[in-house]
Colleague: 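Could you have a look at this structure, given as structure tokens, before my questions?
Letters A, B, ... are given to chains in the order of the sequence lines, protein chains preceding strands, and every chain is numbered from 1.
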Amino acid sequence: MTAISAHTASSPTAVDPAALHTPVIAWFDSNARDLPWRRPEAGAWGVMVSEFMLQQTPVNRVLPVYEQWLSRWPRPADLAAEAPGEAVRAWGRLGYPRRALRLHGAAQAITERHGGDVPREHAQLLSLPGIGEYTAAAVASFAYGQRHAVLDTNVRRVFARAVAGVQYPPNATTAAERKLARSLLPEDAPTAARWAASSMELGALICTAKNEGCVRCPIADRCAWRLAGKPAYEGPARRGQTYAGTDRQVRGKLLAVLREAVAPVPQVVLDAVWDEPVQRTRALDGLVADGLVEPMENGVYRLPQSRA
DNA sequence: AATCCGTGGCC
DNA sequence: TGGCCAAGGAT
């Protein structure tokens, strides 16, 4: 096949959805990981907790924390009854601790507005704190078997390569990607949900950002990117993630002290984590503004006890 | 739309 | 060694 015809074949309108569904779903049936949130006993709450934890955090680091959370808070109301600081503490070192606060807030909303059950409607899920377009679709699809385009970084990369013929998807999800995802969605809901999980798993295990495993890929023979000779990424520089010396690092150090503390922490102890006073103060103020830290009297701090 | 928000493993 | 990457969301 020439480069020209490979390019033609990469046109989204030329894709036969069924030609992708069948081999990818068959591959998933034999190769899916046995993750706890995929087991029936996880329920919608388990799926939802896992989705919060998996936002920007690898599976292997989520696993032990997920088990602790579901054991301690088996239903949304159990978490809602806790102080938000307990959620932040139990979040441990998963990163982005605002997710813990949002998950706690979502549990409160579910308890107060939805009778304690994770809502089934996409719009209702979307209205909960910490749930955006991706997570709403993921919960509706994985927990309730509904038909939604589930566009996470894995699926977007699979589509970019297999269909668009490029190495990486755009920085932010585009209207074209949503349209493509909808056009590839199987008609019946159970198959659509299976397809969502399958295409995501393919991106996570085979069609990875680096060291992609094309030799094990069930659709390698029709992947536009591979057929085009795997051209290198061309386009705007992808977003970097500098960390050392940033406010995020300082916030992380401050919150780590508060997570480990069994009693409220004097400011002098927090001051020891970072030398530069202006940045240190800005970071602590930011944590307070975000509701992750609660100032007490006399310059003492703790994880939030008040119900937001 | 561009930035901010943690943490740790990997090559 | 250090940039890159990991099932995003909020502003």
Colleague: Using a heavy-atom cut-off of 4.0 Å across all strands, would you classify A:L126 as base, sugar-phosphate, or nothing?
Modeller: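 Contact class for A:L126: none.
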Colleague: In whole Å, what is the span from the CZ atom of A:F52 to the C1' atom of B:dC5?
Modeller: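 Interatomic distance, CZ of A:F52 to C1' of B:dC5: 15 Å.
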Colleague: Can you tell me if A:S199 uses its side chain to pair, donor with acceptor, with the backbone of A:A196 under 3.5 Å?
Modeller: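 Yes, the answer is positive, given that a donor and an acceptor are paired below the 3.5 Å cut-off.
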Colleague: For A:F142, report the nucleic acid contact type (base, sugar-phosphate, nothing); a contact means any heavy atom under 4.0 Å.
Modeller: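 Counting heavy atoms under 4.0 Å across all strands, no contact is made by A:F142.
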Colleague: Between A:R161 (side chain) and A:A224 (backbone), is there a donor-acceptor pair under 3.5 Å?
Modeller: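 No.
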Colleague: Distance between the C1' atoms of B:dG8 and C:dT1, in whole angstroms?
Modeller: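 So the two C1' atoms sit 16 Å from each other.
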Colleague: Can you sort out which residues in residues 96-103 of chain A have a heavy atom within less than 4.0 Å of DNA chain C? Ascending by number, please.
Modeller: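 Within residues 96-103 of chain A, the residues near DNA chain C are A:R98, A:R102.
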Colleague: Take atom P in B:dC4 and the same atom in C:dA7, then report the distance between them in whole Å.
Modeller: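 Here B:dC4 and C:dA7 have their P atoms 23 Å from each other.
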Colleague: Side chain of A:R156, backbone of A:P170: donor and acceptor closer than 3.5 Å?
Modeller: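 Checking the backbone N and O of A:P170 against the side chain of A:R156, a donor-acceptor pair under 3.5 Å is found.
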Colleague: Looking for any heavy atom pair under 4.0 Å, which part of the strands does A:G132 touch: base, sugar-phosphate only, or nothing?
Modeller: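 Sugar-phosphate only.
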Colleague: Using atom C1' in both nucleotides, what's the gap between C:dA10 and B:dA1 to the nearest angstrom?
Modeller: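 It comes out at 13 Å once rounded to the nearest Å.
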Colleague: Mind checking A:E133 for me? I need base, sugar-phosphate or nothing, with any heavy atom below 4.0 Å counting as a touch.
Modeller: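 Answer is sugar-phosphate: A:E133 comes under 4.0 Å of backbone atoms only.
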Colleague: Quickly work out the A:Q249 CD to B:dC4 C1' distance and round it to whole Å.
Modeller: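 Answer to the nearest Å: 15 Å.
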Colleague: Per the atom types in the model, does the base of B:dG8 pair as donor or acceptor with the side chain of A:T57 at under 3.5 Å?
Modeller: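 Looking at the base of B:dG8, it does not pair with any donor or acceptor on the side chain of A:T57 (distance under 3.5 Å).
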Colleague: Are A:Y96 and A:R102 linked by a side-chain donor-acceptor pair shorter than 3.5 Å?
Modeller: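 Result is no, nothing qualifies.
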Colleague: In terms of the nearest nucleotide of DNA chain C, which residue is placed more toward the 5' end: A:R157 or A:L128?
Modeller: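 Looking at DNA chain C, the more 5' nearest nucleotide goes with A:R157.
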Colleague: Please classify the nucleic acid contact of A:T135 as base, sugar-phosphate, or nothing, using heavy-atom distances under 4.0 Å.
Modeller: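 Sugar-phosphate only.
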Colleague: Which of the following nucleotides, C:dA7, C:dA6, B:dC5, is nearest to the side chain of A:R251?
Modeller: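 Closest of the options to the side chain of A:R251: B:dC5.
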Colleague: Please compare A:R61 and A:G130 by the position of their nearest nucleotide in DNA chain C and report the one closer to 5'.
Modeller: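 Of the two residues, A:R61 wins.
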Colleague: In whole Å, what separates the P atom of B:dT3 from that of C:dC4?
Modeller: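 The same atom, P, in both gives a distance of 16 Å.
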Colleague: Reckon A:A209 touches a base, only the sugar-phosphate, or nothing at all at heavy-atom distances under 4.0 Å?
Modeller: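 Sugar-phosphate contact only - A:A209 comes under 4.0 Å of backbone atoms but never of a base.
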Colleague: Side chains of A:T111 and A:R75: do they bring a donor and an acceptor to under 3.5 Å?
Modeller: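 A:R75 and A:T111 do not have a side-chain donor-acceptor pair below 3.5 Å.
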Colleague: Nearest-Å distance, CG (A:N211) to P (C:dC5)?
Modeller: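 Computing the A:N211:CG to C:dC5:P distance gives 11 Å.
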Colleague: Any salt bridge between A:R89 and A:E260, counting N to O under 4.0 Å?
Modeller: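 The answer is no: the pair does not qualify as a salt bridge.
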Colleague: Look at A:R194 together with A:D29 and state whether they make a salt bridge at an N to O cut-off of under 4.0 Å.
Modeller: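 Answer for the salt bridge query: yes.
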Colleague: At less than 4.0 Å, is any side-chain N or O atom of A:Y243 found next to OP1 or OP2 of B:dT7? Yes or no.
Modeller: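 Result: yes.
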Colleague: Answer yes or no: does a side-chain N or O of A:Q56 lie under 4.0 Å from OP1 or OP2 of C:dG8?
Modeller: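 Checking C:dG8 against A:Q56, a side-chain N or O does come within under 4.0 Å of OP1 or OP2.
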Colleague: Calculate the interatomic distance between A:Q55 atom CD and B:dG6 atom P; express it in whole Å.
Modeller: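 Distance, rounded to whole Å: 13 Å.
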Colleague: Determine the interplanar angle of the A:W69 and A:W91 rings, folded into 0 to 90°, and report it as parallel if under 30°, tilted if 30 to 60°, perpendicular if over 60°.
Modeller: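 Rings of A:W69 and A:W91: perpendicular, over 60°.
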Colleague: Mind checking the C1' distance from C:dT11 to B:dT7? Whole angstroms is fine.
Modeller: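 About 23 Å, rounded to a whole number of Å.
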Colleague: Can you give me every donor-acceptor pair (side chain of residues 267-277 of chain A, partner residue at least two apart or in another chain, under 3.5 Å) with its distance?
Modeller:
residue	atom	partner	partner atom	Å
A:Q267	OE1	A:Y301	OH	3.4
A:D271	OD1	A:R280	NE	3.1
A:W274	NE1	A:Q279	OE1	2.9
A:E276	OE1	A:V278	N	3.3
A:E276	OE1	A:Q279	N	2.7
A:E276	OE2	A:V278	N	3.2

Colleague: Describe the nucleic acid contact of A:W37 in one word from base, sugar-phosphate, nothing, applying a heavy-atom distance below 4.0 Å.
Modeller: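 Base, at least one base atom sits under 4.0 Å.
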Colleague: Between B:dC10 atom C1' and A:N60 atom CG, what is the distance in whole Å?
Modeller: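 So the CG-C1' distance, A:N60 to B:dC10, works out to 13 Å.
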Colleague: Counting only distance, no hydrogens or angles, is the base of B:dT7 paired donor-acceptor with the side chain of A:R248 under 3.5 Å?
Modeller: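 Between B:dT7 and A:R248, which were checked side chain against base, a qualifying N/O pair under 3.5 Å is absent.
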Colleague: Answer yes if the side chains of A:Q55 and A:Y134 hold a donor-acceptor pair under 3.5 Å, and no otherwise.
Modeller: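 No.
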Colleague: Between A:T242 and C:dG3, is there a side-chain N or O to OP1/OP2 distance below 4.0 Å?
Modeller: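 No, no such contact exists.
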Colleague: Would you classify A:R156 as touching base, sugar-phosphate or nothing, given that sugar-phosphate means primed atoms plus P, OP1 and OP2, and contacts are heavy atoms under 4.0 Å?
Modeller: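 Answer is nothing: A:R156 stays at 4.0 Å or more from every strand.
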Colleague: Rounded to the nearest Å, what distance is computed from the CD atom of residue A:Q167 to the C1' atom of nucleotide C:dC4?
Modeller: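 Taking CD of A:Q167 and C1' of C:dC4, I get 13 Å after rounding.
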Colleague: Assess the pair A:W73 and A:W45: is the distance between their ring centroids shorter than 6.0 Å?
Modeller: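 No, the ring centres sit 6.0 Å or more apart.
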Colleague: Specify the separation, in whole Å, of atom CG of A:D290 and atom P of C:dG9.
Modeller: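 Nearest whole value for this atom pair: 18 Å.
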Colleague: Could you tell me the separation between the CD atom of A:E177 and the P atom of C:dG8, rounded to a whole number of Å?
Modeller: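 Result: 13 Å.
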Colleague: Please check: side-chain N/O of A:E201 versus main-chain N/O of A:V24, any donor-acceptor pairing under 3.5 Å?
Modeller: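 Absent.
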Colleague: Counting only non-hydrogen atoms, which of residues 252-262 of chain A are less than 4.0 Å from DNA chain B?
Modeller: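 Within residues 252-262 of chain A, the residues near DNA chain B are A:G252, A:R259.
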